[in-house]
Amino acid sequence: MSLRHGREALAIPGPSVFPDRVLQAMHRPAPNIYEGEIVDLTETLHADLKRVARTEHDSAIYIANGHGAWEVALANTVGPGDTVLVLESGTFAAGWGAMGAALGVKVETLEADFRDPVDPAAVEARLRADVSREIAAVLVVQIDTASSVWNDVAAIGEAIRRSGHPALYMVDCIASLGCVPFEMDAWGVDVTVAACQKGLMTPPGLSFNFIGPRAWEVHEQRERVPSHWDWTRRCRSDVYYLQFGGTPPTHHLFGLRAALDLLLHEEGLEATWGRHAVLGQAVRACTERWCTDGPLELNVIDPAHRSDAVTTVLTPSIDADALRAHARDEHGLILGLSIGTDNGGFRIGHMGHLNPPMLLGALATTEASLRSLGIPFESGITAAIEVIAEATPTGAGR
Ligand SMILES: *Cc1c(COP(=O)(O)O)cnc(C)c1O
């Protein structure tokens, strides 16, 4: 018997759930792309994107997914013969580095376990040891969506500054922008990479580079940059058409406008961070119980580095694909599949347009599937309920 015939619940770490208002904003005829509304709207998007990334500097919008924005950041700053230092904490920084290798860049990796964050002291030591200043850029991911490790971007930035090394600091915030605190300028980040389909609640297709002054200096010294990716053409041209290197992604821009209205002007960025913090705490309260005993295990060992956007649960001795299939086919819940680990597992996305009924529904339904399959675990849903109850004011309506 299947119970899945209501609205399917997506609990994967991207794409996240799209607000109806974002979808409705996209349901309209094609606009004039030469002048008028779309041109003005794009200007408001840049202003608001920079508010989300907490930077006074530049933003560029690309018609691409996150992988595209990775390549943009590299193609504008490094090339054959340059070296980048990849700070591992999962699979995504390594994937970004591999893209550099394909561009002829030498990739050095500061290796770490899939279950631990980047160690800022190790970054400082590695940069101090680079006396000939070979390393042109340091690449890190704020929240690694595979491992669910949450790196301390501020502390790593501080370590880079302390080392006195001039390498650019480039951060992938694809899974974390609009979910958790990020301060591009205050934390000394030179390039921020993001995409629209996770915390920014917009169907996949747009991605972003935010560019600080030190990154511009490096960029301006490069002899060759692929013209379609070129930051200068995107950011320094008065011609609207060149901002997108061609036709603008009209409907994505309308959708993003609606998403940023929700994020910045309705809820507020800091309130959004606060909501993710409470929901993340609820996920941890629940999943930590699941993992006290038995076959389930939280991937991230240090509780302080378990993220507020995604949670990776390892299942070394059970078939996680069977669990996911059961949740999907019998209960209408889509869980994320595990990537980057041989241990098996699943992931729960808790980013973006998400509230307690959605989250508690996903957690409780996962418990129902675990039970249906006869997998032993301690129930954690009450602990999640307690977190939600304690975070919201009491007394009103009594
Ligand atoms: C999703 C994600 C990516 C890849 O983005 P795509 O849009 O799938 O190309 C890269 N890095 C992180 C941290 C992500 O969460």
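As the structure lists them, so they are numbered: ligands from 1, and atoms in each ligand from 1. Reckoned from all heavy atoms, side chains included, excluding hydrogens, waters and symmetry mates. None of the values given here were measured: they were computed from a predicted structure. Here, residue 1 is the first one in the sequence, and each next residue gets the next number.
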*In sequence, state the C-alpha distance, the side-chain angles, and the governing distance for Ser369 and His326, and then conclude on side chain to side chain donor-acceptor pair (under 3.5 Å).*
CA-CA 6 Å; Ser369 285; His326 185 278; 3.1 Å; yes

Under a 4.0 angstrom heavy-atom cut-off, which atoms of ligand 1 come close to [X]?
X	value
Thr145	12 (C), 13 (C), 14 (C), 15 (O)
Asn65	6 (P), 7 (O), 9 (O)
Ala175	15 (O)
Ile143	13 (C)
Gly66	5 (O), 6 (P), 7 (O), 9 (O)
Gln197	6 (P), 7 (O)
Val141	13 (C)

_Residue-ligand contact Gln142/ligand 1, heavy atom below 4.0 Å_ =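 Flag not set, Gln142 not near ligand 1.
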
*State if Asp144 counts as touching ligand 1 under the rule of any non-hydrogen atom under 4.0 Å.*
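No, that is not the case, since the closest heavy atom of the residue is not under 4.0 Å from the ligand.
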
Indicate whether the side chain of [X] and that of [Y] have a donor and an acceptor atom separated by less than 3.5 Å.
X	Y	result
His46	Gln243	yes
Asp58	Trp216	yes
Asp172	Trp70	yes
Asn209	Trp231	yes
His305	Asp116	no

*Parallel, tilted or perpendicular: which describes the rings of Phe208 and Phe210, with under 30° parallel and over 60° perpendicular?*
tilted

*Any N/O of Trp70 closer than 3.5 Å to an N/O of ligand 1?*
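Between Trp70 and ligand 1 (N or O atoms, distance only) the closest approach is not under 3.5 Å.
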
*Are Val105 and Val191 connected, step by step, through hydrophobic side chains (Ile, Leu, Val, Met, Phe, Trp, Tyr) whose heavy atoms are closer than 4.5 Å?*
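Yes, because Val105 and Val191 connect within a single hydrophobic cluster, where side-chain heavy atoms sit under 4.5 Å apart.
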
*Nearest atoms (heavy-atom pairs only) where Pro203 meets Cys196*: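 For Pro203 and Cys196, the tightest heavy-atom pair comes out as O-SG, 3.1 Å.
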
_Heavy atom of the protein closest to atom 11 (N) of ligand 1 (residue, atom name, distance)_ = Asp172 OD2, 2.7 Å

*Nearest protein heavy atom to atom 3 (C) of ligand 1, by residue and atom, and its distance?*
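Protein heavy atom at minimum distance: Phe92 CE2, 3.5 Å.
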
*Of the listed options (Lys198, Met351, His67), which comes nearest to atom 9 (O) of ligand 1 when hydrogens are ignored and any heavy atom counts?*
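Checking each option, the heavy atom nearest atom 9 (O) of ligand 1 is found in His67.
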
